Amino acid sequence: MVNLAVAGGTGLAGRAVVAEAIVAGHKVRSLSRHIPPADQQVAGADYVRADFRSGVGVAEALDGVEVLIETMDACSGAALKALPGMSVAVLDSAARAGIRRCVLLTIINARECAMSYYQVQAARALSYEKSEMPTTVVEATQFHNLVAGIFSAASRMGIIPAFRGVCFQAISTADVAAVLVAEAGRGGQEKVSVRAGGPDVQTMHEMAQIWKSVTGSKAVISQLPLPGSFGAFLRAGRNLIPDDVAGAVEFREWLAGHAAG
């Protein structure tokens, strides 16, 4: 059993990590700026208020923790810009607390994409690589939630976008959580980089067909161009790691499970 903390434990990935760690038999502390209602908490985990931007509550939250897993995230604006500094604060706080390993969740090949979100992720990974602490950086492919969210949002306008030449190797948050929790048990002082891809590579058009079939949407699948550097990044397959499969849950299976839920 490991005493571990999850920074950002109430977010999409963080909640999956908390749940996976509990199942694995670890003692788990979820750290976030706000404590969620009881019905949104994972049974067996402790929820502690800690703000890595201001430092409020952080020292107390990390007392007795052996491993810290960072899953904090933001999409845009000031919150996104603050993430690299918060990752530095996580590492500094962990070092002061005597934590033996920090584990970061980031996105695959972030350094190769000019998009601001990816550059922020690259900066965070670099901080972990340069840290004097033992660290693991887990680079994952896009979540099933992301692709499904694109389809769902656009379907309200009557279309399901399928960008030409774009493929995804989508992975479930549960599968990524299993990789992160496994790294929490790693001993030694080395720095480690782990890549975690979904079970298969599918074109966006194929995924759109699956989403339409499972959800019963009446929206029309529309093949569209995706211009700019991000489109070029995706068409070049830089978001894919077919030799590093870590996920088992396929997109159709994930969709069916969420539809049932």
Side-chain angles (χ1 to χ4, degrees), residues 8 10-17 19-20 36-37 39-40 42 71 73-77 79-80 105-110 113 115-118 121 140-179 196-242 245-261:
T10 58
L12 177 65
R15 180 177 171 81
V17 172
E20 174 68 21
D39 62 351
Q40 296 178 22
V42 176
T71 63
D73 199 13
C75 294
S76 61
L80 178 63
L105 172 63
T106 186
I107 195 165
I108 192 69
N109 291 332
C113 183
M115 189 176 178
S116 59
Y117 178 83
Y118 280 69
Q121 301 304 327
T141 53
Q142 284 81 11
F143 292 154
H144 292 315
N145 308 68
L146 172 68
V147 183
I150 294 170
F151 295 153
S152 178
S155 71
R156 299 187 189 104
M157 297 180 287
I159 66 168
I160 305 170
F163 298 125
R164 295 191 188 101
V166 171
C167 295
F168 289 103
Q169 188 181 347
I171 190 168
S172 73
T173 54
D175 282 335
V176 172
V179 175
D200 48 23
V201 174
Q202 297 173 300
T203 68
M204 196 172 183
H205 187 265
E206 290 171 333
M207 298 182 79
Q209 290 176 315
I210 292 170
W211 186 86
K212 181 178 173 71
S213 172
V214 172
T215 63
S217 173
K218 303 301 182 183
V220 177
I221 297 174
S222 301
Q223 297 209 54
L224 304 170
L226 184 61
S229 61
F230 186 53
F233 174 82
L234 293 178
R235 286 191 298 275
R238 302 309 298 154
N239 61 323
L240 309 175
I241 44 174
V245 172
V249 180
E250 297 180 347
F251 187 56
R252 183 184 295 276
E253 178 186 354
W254 180 87
L255 279 174
H258 280 69

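Note that the coordinates shown come from a computational prediction; the quantities given were computed from them, not determined experimentally.
Between atom CG of residue Asn239 and atom SG of residue Cys167 there is a gap of 8.0 Å, rounded to the nearest 0.5 Å. Separating the CD atom in Gln202 from the CG atom in Leu240 is a distance of 11.0 Å, to the nearest 0.5 Å.
Looking at every heavy atom in both residues, Ala256 comes nearest to Val214 through N-CG1, 4.1 Å. Closest heavy-atom contact between Gln121 and Ala110: CB-CB, 4.0 Å. The two residues Pro161 and Ile150 make their nearest non-hydrogen contact at CG-CG2, 3.8 Å. Nearest heavy-atom pair across Trp211 and Ser155 is CH2-OG, 3.6 Å. The two residues Val176 and Ala140 have their closest heavy-atom pair at CG2-CB, 4.0 Å. Residues Met207 and Phe168 approach most closely at SD-CB, 3.8 Å, considering heavy atoms.
Take Ala246 and apply the side-chain contact (heavy atoms from CB on, under 4.5 Å) test, not counting sequence neighbours, and it matches Val179, Ala196. Residues forming a salt bridge (Lys or Arg N to Asp or Glu O under 4.0 Å) with Arg235 (at least two apart in sequence, or on another chain): none. Looking at residues two or more places apart in sequence or on another chain, you find a ring-ring contact (aromatic ring centres under 6.0 Å, His included) between Tyr118 and Phe230, Phe233. Residues passing the ring-ring contact (aromatic ring centres under 6.0 Å, His included) test with Phe251 are His144, sequence neighbours excluded. In this structure, the side chain to side chain donor-acceptor pair (under 3.5 Å) partners of Arg238, at least two apart in sequence or on a different chain, are Glu112.
Side chains of Leu255 and Phe151 form no contact here, defined as non-hydrogen atoms less than 4.5 Å apart. Between Thr10 and Gln40, the closest side-chain pair of non-hydrogen atoms is not below 4.5 Å. By the 4.5 Å heavy-atom criterion applied to side chains, Trp254 and Asn145 are counted as neighbours.
Sequence neighbours left out, not one pair with a member in residues 212-221 passes side-chain hydrogen bond (donor to acceptor under 3.5 Å, both in side chains).
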